[in-house]
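Right, one structure below, let's go through it.
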Number of protein chains: 2
Amino acid sequence: MVQFMHPAPEDITLTGILNALGDPVRLQIVRKLHASPEGSNCGDASPCAGLARSTLSNHYRVLREAGLIRTTKRGVEHINVLRLDELERRFPGLVPSILNLADTDPRG
Amino acid sequence: MVQFMHPAPEDITLTGILNALGDPVRLQIVRKLHASPEGSNCGDASPCAGLARSTLSNHYRVLREAGLIRTTKRGVEHINVLRLDELERRFPGLVPSILNLADTDPRG
DNA sequence: TCAATATTACGGTATTTTCGAAATACCGTA
DNA sequence: TACGGTATTTCGAAAATACCGTAATATTGA
């Protein structure tokens, strides 16, 4: 029943965020999470169906440890939400800018 | 006398940029290059003195292949310049935003 | 207890990072 | 043309890290 460790806002680093988002799968996950601010479970935010659960889970862990998402439990599922407000205070404009560019760019 | 391969602007990817800048050493290099728009040789843009030359060279290669810098030869030295204009057309606001945040953030 | 959801553990493969040593390229000078 | 000095890359190898899949493990709800 160990709760997940989320870094405090002041412990979130710029390179940590960039590194986490520098993977196409993880960027897609974050885009999906951004599209559903109420949060979504791990399966729903999956960028493609072919990925193994464990692989997906590992990507969530990287995003969590980078400070990009917050994971809470609701019943049997884990709900992930983008930490938009906190990220905005820590690095104003960064995440929205990246997400906007990802939207307009045909490739990941 | 082999010229370096630089990706065309349309071949520069968002995740490629984020991945390249997701390394503290490379982010520092790019910050130094940004501070000297006329370009600087490899040694001058080095973030710290302890790094092996070959390691530094490898970081430059990553930055080059990601499309962040352009390397030309001037005499005995290699001059690196940030491809700011091209990057700005391809991903408006991205690189300046990251560099500004890196400036204000005490940590890399 | 059973099904659903997700994480963790583990092993294999692939990529990345790092370094020192050697090789390459260019310049100035002789 | 040859030579020495400087700047940088390439090579080769070791260590670290990343990624993915199978299987095992928790936790919740019915």
Side-chain angles (χ1 to χ4, degrees), chain A residues 1-6 13 15-30 32-33 36 38-66 68-81 108, chain B residues 1-6 13 15-30 32-33 36 38-66 68-81 108:
Chain A
M1 72 129 302
V2 177
Q3 267 324 69
F4 292 116
M5 284 296 291
H6 298 91
T13 66
T15 50
I17 290 182
L18 299 180
N19 183 62
L21 294 181
D23 179 281
V25 171
R26 289 194 288 262
L27 181 58
Q28 283 295 109
I29 292 175
V30 169
K32 286 213 176 187
L33 290 180
S36 56
E38 74 283 0
S40 48
N41 64 15
C42 295
D44 289 350
S46 172
C48 51
L51 279 182
R53 299 295 189 150
S54 59
T55 302
L56 209 48
S57 188
N58 195 48
H59 284 306
Y60 282 114
R61 184 180 54 76
V62 173
L63 291 172
R64 197 162 45 228
E65 292 178 353
L68 277 160
I69 66 176
R70 186 176 293 280
T71 306
T72 56
K73 302 189 68 171
R74 189 164 61 204
V76 74
E77 53 190 10
H78 291 196
I79 303 297
N80 293 295
V81 290
Chain B
M1 68 138 295
V2 176
Q3 265 327 67
F4 293 115
M5 284 296 292
H6 298 91
T13 65
T15 50
I17 291 182
L18 299 180
N19 184 62
L21 295 181
D23 179 281
V25 172
R26 289 195 289 263
L27 181 58
Q28 282 296 109
I29 291 175
V30 168
K32 286 212 177 188
L33 290 179
S36 57
E38 75 283 357
S40 49
N41 63 17
C42 295
D44 288 351
S46 173
C48 53
L51 278 183
R53 297 293 191 171
S54 55
T55 301
L56 209 48
S57 185
N58 191 50
H59 284 305
Y60 282 114
R61 185 180 54 76
V62 173
L63 290 171
R64 196 160 47 229
E65 293 178 353
L68 277 159
I69 67 175
R70 187 176 293 279
T71 306
T72 56
K73 303 188 69 168
R74 189 164 65 203
V76 74
E77 54 191 9
H78 291 197
I79 303 296
N80 293 295
V81 289

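Any value given below was found using the heavy atoms of this structure, including those in side chains, with hydrogens, waters and symmetry copies removed. First the proteins, then the strands, lettered A, B, ... as listed; each starts at 1.
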Would you list the protein and nucleotides 28-30 of chain C atom pairs, both N or O, that sit under 3.5 Å from each other?
none

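- Atoms CZ (B/Arg74) and P (C/dC27) sit 12 Å apart, rounded to a whole Å.
- Of the two residues near DNA chain D, A/Asn19 and A/Leu51, the one whose nearest nucleotide lies more 5' is A/Asn19.
- Two residues are said to be in side-chain contact when any heavy atoms from C-beta on lie closer than 4.5 Å; B/Ile79 and B/Glu77 meet this criterion.
- Using a 4.5 Å heavy-atom threshold, the side chains of B/Ile17 and B/Leu68 count as touching.
- A straight line from NE2 of B/His78 to C1' of D/dT9 spans 7 Å, rounded to a whole angstrom.
- Atoms CZ (A/Arg53) and C1' (D/dA23) sit 15 Å apart, rounded to a whole Å.
- Screening residues 46-63 of chain B for salt bridge (Lys or Arg N to Asp or Glu O under 4.0 Å) gives B/Arg61-B/Glu65 as the qualifying pairs, with residues at least two apart or on separate chains.
- Where pairing requires Watson-Crick or G-U contacts shorter than 3.5 Å, the helical stems of DNA chain C with at least three consecutive pairs are C:1-30 with D:1-30.
- Between the side chain of B/Ser54 and the base of D/dT8, no donor-acceptor pair under 3.5 Å is found.
- What separates CG of A/Asp23 from P of D/dT17 is a distance of 18 Å, to the nearest Å.
- B/Glu77 has its CD atom 12 Å from the P atom of D/dT9, to the nearest Å.
- With contacts defined as side-chain heavy-atom distances shorter than 4.5 Å, the pair B/Thr15/A/Leu21 does not qualify.
- Among the candidates B/Ile29, B/Asp23, B/Asn80, the single residue satisfying the side chain to side chain contact (heavy atoms under 4.5 Å, CB included) test with B/Leu63 is B/Ile29.
- Contact of the B/His6 side chain with the B/Arg64 side chain is registered, since non-hydrogen atoms from C-beta on lie closer than 4.5 Å.
- Looking at residues two or more places apart in sequence or on another chain, you find no ring pair (Phe, Tyr, Trp, His ring centres under 6.0 Å) involving B/His59.
- Residues A/Ile69 and A/Leu33 form a side-chain contact, since some pair of their non-hydrogen atoms from C-beta on lies under 4.5 Å apart.
- Residues A/Asn41 and A/Asp44 are in side-chain contact: their nearest non-hydrogen atoms beyond the backbone lie under 4.5 Å apart.
- The nearest whole Å value for the distance from the CD1 atom in A/Ile79 to the P atom in C/dT7 is 11 Å.
- Atoms CG (A/Asn41) and C1' (D/dT28) sit 14 Å apart, rounded to a whole Å.
- At a non-hydrogen distance threshold of 4.0 Å, A/Ser57, A/Arg64 from residues 55-65 of chain A come into contact with DNA chain C.
- The ring pair (Phe, Tyr, Trp, His ring centres under 6.0 Å) test applied to A/His78 returns A/Phe4, not counting sequence neighbours.
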